[in-house]
Number of protein chains: 2
Amino acid sequence: MSKSNRIRILIVDDHLALRVGLTAMLAARPHLLVVAEADKTAGAIAACEKHHPDVVLMDLRIPGGGVEATIAIRQRWPATRVLIVTTYDGDEDIHRAIQAGASGYLLKGLTSSELIAGIEAIHRGEKVMPPNIATRHRERVLRKDLSSRELEVLSLIVAGRSNKEIARDLVIGEESVKTYLKTVFQKLSVADRTQAAIEAIRHGIVHLD
Amino acid sequence: MSKSNRIRILIVDDHLALRVGLTAMLAARPHLLVVAEADKTAGAIAACEKHHPDVVLMDLRIPGGGVEATIAIRQRWPATRVLIVTTYDGDEDIHRAIQAGASGYLLKGLTSSELIAGIEAIHRGEKVMPPNIATRHRERVLRKDLSSRELEVLSLIVAGRSNKEIARDLVIGEESVKTYLKTVFQKLSVADRTQAAIEAIRHGIVHLD
DNA sequence: CGAGGCTTCCCCCAATTGAGGGAGGCTCAC
DNA sequence: GTGAGCCTCCCTCAATTGGGGGAAGCCTCG
């Protein structure tokens with residue numbers, strides 16, 4: 001697969017300092033080779049095209065979307081393993097990244113040895129994930145998904161809109177909005193719109209930026 | 001002040017990779033010397049005691065609190081300049097950090113030259129701040145502060161509690177809760193509790209973690 | 001000492017929200 | 001083709017919420 005026995009690595013993060021740091025942490029190991037860096041989705045895909053890395057260290061918060069980059073890379077280069085390296089970002093993105101075929105998840109703030117062990121593990125084809133994240137991911141899989149309409153309504157709630165406004169926005173009746181909200185409350189197990197909005201933000205179901 | 005003419009720097013961040021990256025970015029310049037690193041408030045203060053840095057690169061999201069660290073350092077070593085280096089964290093913490101005496105604010109993701117220019121500038125006694133942050137900070141200063149009671153009520157709103165529950169929590173009447181909320185809505189210029197909660201989170205007035 | 005801010009409570013009233021149903025049409029998978 | 005899930009709308013009713021006031025006691029700052 002790779003020309004030598006070195007593990008070829010692509011680093012994707014929009015923070016230069018972090019890219020430099022990760023590169024430096026890996027530079028000490030002769031069997032690890034950082035072949036490229038990218039700061040956004042498009043650049044990550046271009047770098048894969050050019051360098052065919054074995055492992056991609058992927059931040060989820062990059063322009064263009066880390067999840068989108070993961071999907072694209074896994075589709076076109078199935079042999080390439082993607083290791084998510086990010087500060088905690090809410091369950092939803094992690095879940096989507098794993099669905100997209102990411103092989104593992106590590107928190108920033110990790111030590112060199114944790115990072116290297118993670119890279120080696122996913123290069124061997126193993127999965128890497130902190131136990132608490134894995135647990136949350138299982139819960140997340142069990143939890144019923146929100147339908148697309150429910151998601152729309154929820155994101156408008158987070159946008160601070162009233163039922164009446166949401167009805168206008170989506171060109172449906174206010175009664176329908178209330179129906180969606182009822183099931184959203186059930187699925188998120190909350191009692192009112194404010195809690196729903198906060199849960200949505202907390203779990204990364206909708207983003208604030 | 002410093003023994004040579006090198007600028008002595010302390011890096012405070014809980015992410016090892018970022019500390020390594022920042023150190024590497026500064027290592028190339030002979031007039032900059034990273035004298036210590038710390039990953040939390042207590043460690044930052046200890047490092048100041050031991051190394052008396054000229055400039056502290058401070059992340060706001062560290063165990064113990066970056067704002068708290070800034071306050072402590074500025075109080076005990078007024079000659080030490082604090083440069084906040086963080087991803088965007090909501091106006092409130094930035095505002096508090098500036099109130100606490102931080103000399104500048106830079107976003108992670110900066111280039112080496114931006115970082116170095118920032119360090120040199122604050123070492124000369126200048127202030128450093130991206131214009132959009134500065135604008136928001138001025139607006140923030142103009143905006144009326146929430147009283148401590150109003151803050152309590154707001155944070156309970158974010159905790160997802162009803163007026164009745166808040167009244168019980170604070171041992172006051174429900175009518176008082178409603179009065180506080182009315183003024184909170186005015187001060188945040190929002191129309192309901194959900195928007196208030198979201199604004200509070202967005203601006204870092206209350207934290208979700 | 002007077003103005004203004006904070007805390008606490010009160011009134012009334014309109015609007016919104018949430019709960020508990022039911023129901024038709026639609027698509028998609030088994 | 002039948003059931004499941006989704007989207008849409010309907011009803012009623014209770015509770016909560018928000019807007020408009022007012023007002024008292026308290027403290028602080030000028």
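Chain identifiers are assigned alphabetically (A, B, ...) following the order of the sequence lines, protein sequences preceding nucleic acid strands; residue numbering begins at 1 within each chain. Note that the coordinates shown come from a computational prediction; the quantities given were computed from them, not determined experimentally.
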Could you list, one pair per line, each protein nitrogen or oxygen that sits under 3.5 Å from a nitrogen or oxygen of nucleotides 2-4 of chain C, together with the distance?
none

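- Applying the salt bridge (charged side-chain N to carboxylate O under 4.0 Å, His left out) test to every pair with at least one member in residues 33-44 of chain B, sequence neighbours left out, gives these pairs: B/Arg19-B/Glu37.
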Set out, line by line, the N/O atom pairs under 3.5 Å between protein and nucleotides 24-30 of chain D.
none

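- The salt bridge (charged side-chain N to carboxylate O under 4.0 Å, His left out) search around A/Glu114 returns none, not counting sequence neighbours.
- Residues A/Leu181 and A/Ile166 have side chains not in contact (no heavy-atom distance under 4.5 Å, counting atoms from C-beta outward).
- With sequence neighbours excluded, no residue forms a side-chain hydrogen bond (donor to acceptor under 3.5 Å, both in side chains) with B/Asp14.
- Nearest nucleotide to the side chain of B/Arg149, out of D/dC7, C/dC6, C/dT8: C/dT8.
- For the pair B/Leu170 CG and C/dT7 C1', the computed distance is 12 Å after rounding to whole Å.
- A distance of 11.5 Å separates CZ in B/Arg136 from CE in B/Met129, rounded to the nearest 0.5 Å.
- Residues passing the side-chain hydrogen bond (donor to acceptor under 3.5 Å, both in side chains) test with B/His51, sequence neighbours excluded: none.
- Atoms CD (A/Glu152) and C1' (D/dT8) sit 14 Å apart, rounded to a whole Å.
- Both B/Val177 and A/Thr194 sit near DNA chain C, but only B/Val177 has its closest nucleotide nearer the 5' end.
- Following rounding to the nearest Å, B/Leu156 (CG) and D/dT17 (P) show an atom-to-atom distance of 13 Å.
- For the OP1/OP2 pair of C/dC6 and a distance below 4.0 Å, the side-chain nitrogens and oxygens of B/Tyr180 include no atom meeting the criterion.
- Residue pairs that meet the side chain to side chain donor-acceptor pair (under 3.5 Å) test with at least one member in residues 172-183 of chain A, sequence neighbours left out, are A/Glu150-A/Thr183.
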Review item, nucleotides 10-17 of chain C N/O atoms under 3.5 Å of protein N/O:
| from | atom 1 | to | atom 2 | distance (Å) |
| --- | --- | --- | --- | --- |
| C/dT16 | OP1 | A/Lys164 | NZ | 3.4 |
| C/dT16 | OP2 | A/Lys164 | NZ | 2.9 |
| C/dT17 | OP1 | A/Arg193 | NH1 | 3.4 |
| C/dT17 | OP2 | A/Asn163 | N | 3.3 |
| C/dT17 | OP2 | A/Asn163 | ND2 | 3.4 |

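- Atom CZ in A/Arg168 sits roughly 19 Å away from atom C1' in D/dT8 (whole-Å rounding).
- A distance of 8.5 Å separates CD1 of B/Ile98 from NZ of B/Lys127, quoted to the nearest 0.5 Å.
- With hydrogens and angles disregarded, no donor-acceptor distance shorter than 3.5 Å links the side chain of B/His123 to the backbone of B/Ile119.
- With sequence neighbours excluded, no residue forms a side-chain hydrogen bond (donor to acceptor under 3.5 Å, both in side chains) with A/Arg168.
- Atom C1' of nucleotide C/dC9 and atom CD1 of B/Ile166 are separated by 17 Å, given to the nearest angstrom.
- For B/Ser147, a side-chain nitrogen or oxygen approaches OP1 or OP2 of C/dT7 to under 4.0 Å.
- The distance from the CD1 atom of A/Ile198 to the CG atom of A/Leu188 is 12.0 Å, given to the nearest 0.5 Å.
- Taking the side-chain hydrogen bond (donor to acceptor under 3.5 Å, both in side chains) definition, one finds that B/Ser113 meets it with B/Thr111, sequence neighbours left out.
- As a whole-Å value, the separation of A/Gln186 CD from D/dC6 P is 12 Å.
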Quick one: side chains of residues 68-81 of chain A, donor-acceptor pairs under 3.5 Å with protein atoms, not counting sequence neighbours, listed by atom name and distance.
| from | atom 1 | to | atom 2 | distance (Å) |
| --- | --- | --- | --- | --- |
| A/Thr70 | OG1 | A/Gly66 | O | 2.8 |
| A/Arg74 | NE | A/Gly101 | O | 3.1 |
| A/Arg74 | NH1 | A/Pro78 | O | 3.0 |
| A/Arg74 | NH1 | A/Thr80 | O | 2.8 |
| A/Arg76 | NH2 | A/Glu49 | OE2 | 2.3 |
| A/Thr80 | OG1 | A/Pro53 | O | 3.1 |

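- From one end of the helix from C/dC1-D/dG30 to C/dC30-D/dG1 to the other, with five pairs defining each end axis, the axis direction shifts by 50° (rounded to 10°).
- Between the P atom of C/dC6 and the CG atom of B/Leu151 lies a distance of 11 Å, rounded to the nearest Å.
- Note that OG1 of A/Thr23 is 9.0 Å distant from CG of A/Leu16, once rounded to the nearest 0.5 Å.
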